[in-house]
Protein chains: 2
Amino acid sequence: MSKISKIPHRLYLTEDQMPKQWYNLRADMKDMHDPLINPATMQPVKVEDLYPIFCEKLAQQELDAKTQYIDIPEEVLEMYKIYRPSPLIRAYNLEKALQTPAKIYYKFEGNNTSGSHKLNSAIAQAYYAKEQGLEGLTTETGAGQWGTALSEACAYFGISLTVYMVKVSVEQKPYRKAIMETFGSTVIASPSNTTNVGRAILKDDPSSGGSLGCAISEAIEKATTTPNHRYVLGSVLNQVVLHQSIIGLETKIAMDILGEYPDIVIGCAGGGSNLAGLIAPYMQDKLTGKANPRIIAVEPASCPTLTRGKYAYDFCDVGRITPMAKMYTLGSDFKPSPNHAGGLRYHGMSPILSKLYHDGFMEAVSVEQTKVFEAATLFAKVETILPAPESAHAIRAAIDEALKCKESGEVKTIVFGLTGTGYFDMSAYTSYIEGTMTDYVPTDEDLQRSFSTLPKVPEVL
Amino acid sequence: MSKISKIPHRLYLTEDQMPKQWYNLRADMKDMHDPLINPATMQPVKVEDLYPIFCEKLAQQELDAKTQYIDIPEEVLEMYKIYRPSPLIRAYNLEKALQTPAKIYYKFEGNNTSGSHKLNSAIAQAYYAKEQGLEGLTTETGAGQWGTALSEACAYFGISLTVYMVKVSVEQKPYRKAIMETFGSTVIASPSNTTNVGRAILKDDPSSGGSLGCAISEAIEKATTTPNHRYVLGSVLNQVVLHQSIIGLETKIAMDILGEYPDIVIGCAGGGSNLAGLIAPYMQDKLTGKANPRIIAVEPASCPTLTRGKYAYDFCDVGRITPMAKMYTLGSDFKPSPNHAGGLRYHGMSPILSKLYHDGFMEAVSVEQTKVFEAATLFAKVETILPAPESAHAIRAAIDEALKCKESGEVKTIVFGLTGTGYFDMSAYTSYIEGTMTDYVPTDEDLQRSFSTLPKVPEVL
């Protein structure tokens, strides 16, 4: 066993050291991503267009590409302090197990009942809704992490919440539903009979397992047809990227205290919320020419948005009722396989991240789920945290980079985001242990088929 | 919403501030608990008697009532640092929700994959087994927390582990089994056909849901009949009380930093491991006359060991193959109801705690499970940690004490132990939410029946 080292295993910032502002990455982007488009007018979305869907402060944040730092409201900070700062952990045991000279750090966001980083934005969104005097919110959830986080935030601020949960996730994770109900939310398996969108999908395919895109459509329809209600979303949106910057800001402060600067920053990528949050201050360094760390997005081979998708305008939902965003997309009709990383089964990607990837500021890799669970199981055994399948994608890539260092002898510093715990994913772990887990990679024909449904947008945009 | 206060929501010690020694409460007890008795000889157990069951260092710790502080081995400290120090949290939101003048703190031990404080002793026990060159360990688990913790520790140190899990828990918590298997353990539902004890019980009652006492018997039989194997136990034992003192030592250091001293210290009590660990330094203050805080053990009304049990010699297991301990007991034949707090369904209580309770150094209360889940649900909503049903017993009592302060206007300082998370207890939460949860309290006749099976021990002991 090794000697006790000087750099601690876990570094927690004090409350005084916690960031008091979110960082808006867009303010430092010289080339801005293309605007959201209102499909009714084919014109860039104006803030008033968003007011029927989002509460006003969030709609303003969505379109604000100028303000570099935005104050975190005191009520939000107060709730952050119940579970934040999250620890930055040196993975000494993983390093030992891999016999790598690399220094591996991870920012662990699973230290709260929602079990993931989603709470960072849920709190902000529930707070602004409360501030505006709304009665209730609707949302969708895939793996259940966002729904749980928002349930917590709504319970805390006293707002009602209806969650459309992807049906396949309800079946795989019954206890996720139970935990949201414990916090007082109403959970509906999507597609459902409670909306026009849901009814149409069920008519086509009564056994549909659902998708994030479909659940989004249902949640928006419900919010816009119920008085004094609005819709909230846990990823993809610019406002979410803003709120999640707390992850990266804390990480950078902690790394600075340790006198470390990462050579490589790694995050899993579904809609992009965790990744964008984690990398925010390091991307700022890249955009402003201060430093040039490698930034790697990791996605499932079964849903390869960045690595095999198109950079094009697309709807954010299956029902095609959202604004259109320019992003990497597999097509809103893409039907992902029932991979266990439910939170990464989304056809699109944050427009901000899409633009940065398109402009060469970050890399992307895709990994197959059996390789992901191999990494997850090793990690659990040596680091004693059971990772969520989503987060385990980042672990896989971090391990692969650390093994390259072992090969080359380089002492690189790697930071990855451990976005959450896998307590509600035991059926996935069981299938891995029992050897029944399979990998699925869409064929080129599958992708061509879903690309063909991309909306036509005038070239001038 | 309140102003941001000076005392932080969470206090984490730095690694430098972490205790380097366990505290042995017995060294400060003027009146010692009665010795373990070897049922074969009816004489006090000698350390050699224990060597076939426990590894040698642990057997020595079991009987060491003299050494006040025992160094924590460096390898154990190294693993502690993966998840420790655990936070001491000021429950500002709970205080606000209760409108109490009381200051409520809790020590949260759920910040690790096992989800509970059990890891503190599991690591020590797995380490000493490894040090002795053993190949494997056996144990039992009720709610699954101990089994999970020991699975983690054994995976870390590279020792095999067989877990006898109470059958009713296997059924209520299938994912607990899966998580232990993820760490490489073999999990067997108890009673089972793999031991003589199990076969005998199944012959009597093929539909037996099992009990902790029965699972203990099976695990001991398995360990003592398999070469180079030993048995380990997660509670009740003196060695476990020793290891768990890390909880209280950290709590006291953190409270000292905050300039606080508790008026009341509260812990749930099953076998006593968490409670004894949490209270250790405060009990020291009582034993040495330095201070006199109230100390309250909270147990389920369905298994009221301290509040309605007898202080008598009894076996620690159903199969009557363990040494006999003088403790509060409901009789090793007591069949607890299928209460959701599986970890508190044990017929006995730590001999150390039993003696301290008997001598008036602490109080005990029993609470019904619907009241416990009412407290758990409130706590989850305001503090955003979903508590284990076991821990929620302590929450219930802390809330009751805080409400008394509201009544009287007293500003008392309350500390309770939040031993773990309830991620694997969602079926219990579901039954509470759906209103199908029932309370069960044994009748006096039930208790008389199980008391009648207490072993006869010569008075002179």
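Since the structure is predicted, the reported quantities are computational estimates derived from the model, not experimental observations.
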*Asks:* Give every residue pair that meets the salt bridge (Lys or Arg N to Asp or Glu O under 4.0 Å) criterion with at least one member in residues 370-387 of chain B, sequence neighbours excluded.
*Replies:* B:Glu374-B:Arg396
*Asks:* Please, which pairs that meet salt bridge (Lys or Arg N to Asp or Glu O under 4.0 Å) have at least one residue in residues 420-435 of chain B, sequence neighbours excluded?
*Replies:* B:Lys173-B:Asp425
*Asks:* Is chain B contacted by the side chain of A:Ile179, its backbone, both, or neither, given a heavy-atom distance below 4.5 Å?
*Replies:* both
*Asks:* Ring pair (Phe, Tyr, Trp, His ring centres under 6.0 Å) with A:Tyr128: which residues, sequence neighbours excluded?
*Replies:* none
*Asks:* With only heavy atoms counted, which part of B:Phe183 is less than 4.5 Å from chain A, the side chain, the backbone, both or neither?
*Replies:* both
*Asks:* Under 3.5 Å, is there a donor-acceptor pair between the B:Thr14 and B:Asp16 side chains?
*Replies:* no
*Asks:* For B:Ile385, is it the side chain, the backbone, both, or neither that has a heavy atom closer than 4.5 Å to a heavy atom of chain A?
*Replies:* both
*Asks:* When you check the gap from the basic side-chain N to the acidic O, do A:Arg84 and A:Glu109 get nearer than 4.0 Å?
*Replies:* yes
*Asks:* Enter the distance from B:Thr384:OG1 to A:Tyr83:OH here, rounded to the nearest 0.5 Å.
*Replies:* 8.0 Å
*Asks:* Heavy-atom cut-off 4.5 Å, strictly under: side chain, backbone, both or neither for A:Ser427 against chain B?
*Replies:* both
*Asks:* Any side-chain donor-acceptor pair under 3.5 Å between A:Thr419 and A:Ser391?
*Replies:* yes
*Asks:* Using a 4.5 Å heavy-atom cutoff, which residues in residues 144-153 of chain B come close to chain A?
*Replies:* B:Glu152
*Asks:* So which of A:Asn111, A:Thr421, A:Ile82 has the biggest tally of heavy-atom pairs under 4.5 Å with chain B?
*Replies:* A:Ile82
*Asks:* Looking only at heavy atoms, what is the nearest atom pair of A:Val76 and A:Ala124, with distance?
*Replies:* CG2-CA, 4.1 Å
*Asks:* Rounded to the nearest 0.5 Å, what separates atom CG in B:Leu378 from atom CD1 in B:Ile399?
*Replies:* 5.0 Å
*Asks:* What part of A:Phe108 gets closer than 4.5 Å to chain B, counting heavy atoms only: side chain, backbone, both or neither?
*Replies:* neither
*Asks:* Between A:Phe157 and A:Met79, is the side chain to side chain contact (heavy atoms under 4.5 Å, CB included) condition met? List the steps.
*Replies:* CA-CA 10 Å; A:Phe157 287 113; A:Met79 191 173 174; 4.2 Å; yes
*Asks:* Could you tell me which portion of A:Thr430 (side chain, backbone, both or neither) has an atom closer than 4.5 angstrom to a non-hydrogen atom of chain B?
*Replies:* side chain
*Asks:* If I measure from the heavy atoms of chain B, does A:Tyr423 come under 4.5 Å with its side chain, its backbone, both, or neither?
*Replies:* both
*Asks:* Taking every non-hydrogen pair under 4.5 Å, which of A:Pro87, A:Ala155, A:Ala178 racks up the most with chain B?
*Replies:* A:Ala178
